[in-house]
Amino acid sequence: MVCFFWTLHACLSYKSLNRAQRNLGVFLCVSMLLFLYHAVYFSDGEIPAFNLFAVAYSWATLTVYPLYYLYVESITDSRRPGRAEMLLLFVPGLLAAAGGV
């Protein structure tokens, strides 16, 4: 629930947020999806589209850590990673999602 409300706040006030707050909003959005996939996985009932949830779970698991890294980099102002470097962080998640389909 906490991730949901912070995601909602970040979406509603996206233009007035700084870079660190935007990164945190995206991180919390993916975290919220990850918690949702946990709920689906551990539910007792049969899920008709379970394979789709497994692909989304793999993507979210491998994406949430690079998003947290980008958030920490944005609050420390150490340096701003380039677009190519940022995209390389998300390759494992994209490969896992593509391989699961």
* To do: Sequence neighbours left out, what passes side chain to side chain contact (heavy atoms under 4.5 Å, CB included) with Y65? Give chain and number order.
  =>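 Partners of Y65 under the side chain to side chain contact (heavy atoms under 4.5 Å, CB included) test: none.
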* To do: Check whether any side-chain heavy atom of F90 sits under 4.5 Å from a side-chain heavy atom of L70, and report yes or no.
  => yes
* Locate the shortest heavy-atom distance separating T63 from P66; write the atom from each residue and the value. =>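 That would be O-CD, 3.2 Å.
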* Asked: Is it the case that more than 12 heavy atoms not belonging to Y68 sit under 6.0 Å from its OH atom?
  ->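 Atom OH in Y68 is not packed in, count stays at 12 or less.
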* Structure fact -> When rounded to the nearest 0.5 Å, the distance separating CG of L28 from SG of C11 is 10.5 Å
* How many angstroms lie between atom CE of M86 and atom CG of L89, to the nearest 0.5 angstrom? ->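 Spacing of CE (M86) from CG (L89) equals 8.0 Å.
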* With sequence neighbours excluded, tell me which residues meet ring-ring contact (aromatic ring centres under 6.0 Å, His included) with F4. =>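 Partners of F4 by the ring-ring contact (aromatic ring centres under 6.0 Å, His included) criterion come out as none, since no residue qualifies.
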Is it true that [X] and [Y] fall in one hydrophobic cluster, defined by side-chain heavy atoms closer than 4.5 Å?
X	Y	answer
L24	I75	yes
L87	W59	no
L17	F5	no

Side chains of residues 32-40: which donor-acceptor pairs under 3.5 Å do they make with residues two or more places apart or in other chains?
residue, atom, partner, partner atom, Å
H38, ND1, L34, O, 3.3
H38, NE2, Y57, OH, 3.4

* Could you name each residue pair satisfying side-chain hydrogen bond (donor to acceptor under 3.5 Å, both in side chains) that touches residues 19-28, not counting sequence neighbours? => N23-S74
* All side-chain hydrogen bond (donor to acceptor under 3.5 Å, both in side chains) counterparts of S31, not counting sequence neighbours -> none
* To do: Check side-chain hydrogen bond (donor to acceptor under 3.5 Å, both in side chains) between Y69 and all other residues, then give those that pass, not counting sequence neighbours.
  =>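 Applying side-chain hydrogen bond (donor to acceptor under 3.5 Å, both in side chains) to Y69 gives E73.
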